[in-house]
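This report refers to the structure that appears directly beneath it.
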Amino acid sequence: MTLSRKLWKHPTLVKVWKTAKAIPRGCVTTYGQLATAAGFPRAARLAGFALKNTPPGMKLPWHRVLNAQGRISLPPRSTASREQRRRLEAEGVVFLGGRVDLRRFGWRTRRDSPLLD
DNA sequence: AGGGTGACGGGCC
DNA sequence: GGGCCCGCCACCC
């Protein structure tokens, strides 16, 4: 939105958006996992940047991305954060004490969690 | 070219 | 568990 349209074609960001689209309904992932799954390990901030600058109109489950503690990373009382929580709960994701249990609802990919599955 | 900034994360107290 | 402190990638002056 606030940034230039040139960003919308940036290959790195495109990969992040594309990966985000694959997050299944009812699951959540973290910024770090999203970045890793997109091919950029240790670039969690990149994932946050990409989501923040998602091209208007692009259909993508941005609400399924939480921080590593299972919390919503948007400003606490903002309409955006409430919207995120509302959407997640509508998919059956449960919040306890403002947190989502990533072991229960976390999206598992082969690449970033070889220990599981 | 270099410094500041994020919807972040992991290591260390 | 909660702060701090860096490192991370890409963007912006």
Side-chain angles (χ1 to χ4, degrees):
Chain A
M1 320 254 229
T2 54
L3 292 185
S4 136
R5 314 166 69 95
K6 288 182 187 171
L7 280 183
W8 304 347
K9 300 184 69 169
H10 196 292
T12 299
L13 299 182
V14 170
K15 284 179 194 163
V16 176
W17 292 322
K18 205 170 163 131
T19 306
K21 284 188 195 163
I23 308 170
R25 185 185 168 81
C27 291
V28 297
T29 190
T30 68
Y31 296 93
Q33 282 179 359
L34 176 58
T36 298
F40 307 97
R42 284 165 261 101
R45 305 189 86 141
L46 169 66
F49 179 87
L51 287 187
K52 178 172 188 174
N53 295 283
T54 302
M58 180 181 285
K59 205 87 173 153
L60 148 172
W62 57 271
H63 59 285
R64 297 183 189 140
V65 186
L66 302 174
N67 63 32
Q69 293 135 34
R71 297 177 170 282
I72 289 175
S73 269
L74 291 160
R77 271 166 242 55
S78 64
T79 52
S81 76
R82 283 181 232 202
E83 172 69 5
Q84 181 170 11
R85 177 162 177 160
R86 189 192 66 73
R87 289 193 184 203
L88 286 175
E89 290 179 327
E91 296 183 355
V93 175
V94 177
F95 283 77
L96 285 90
R99 298 176 52 250
V100 170
D101 186 348
L102 296 177
R103 292 173 308 177
R104 278 179 63 195
F105 299 101
W107 179 37
R108 327 236 137 136
T109 62
R110 281 150 212 155
R111 195 201 222 125
D112 62 5
S113 51
L115 301 180
L116 300 167
D117 287 3

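The existence of a salt bridge linking A:Arg87 and A:Glu83 is confirmed by a sub-4.0 Å separation between a basic side-chain nitrogen and an acidic carboxylate oxygen.
Between A:His10 and C:dC11 there is a side-chain polar atom (N or O) within less than 4.0 angstrom of OP1 or OP2.
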Between protein and nucleotides 6-13 of chain B, map the contacts as a letter string: B base, S sugar-phosphate only, - none, heavy atoms under 4.0 Å, written 5' to 3'.
BBBS----
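Contact check for A:Val28 versus A:Val65: no side-chain heavy atoms found under the 4.5 Å cut-off.
Side chain of A:Thr19 to backbone of A:Leu34: no donor-acceptor contact under 3.5 angstrom is found. Side chain of A:Trp17 to main chain of A:Ala50: a donor-acceptor pair is present (N/O by atom type, distance under 3.5 Å, no hydrogens or angles).
Applying the 6.0 Å contact sphere to CZ of A:Arg85 captures more than 12 heavy atoms from other residues, nucleotides or ligands.
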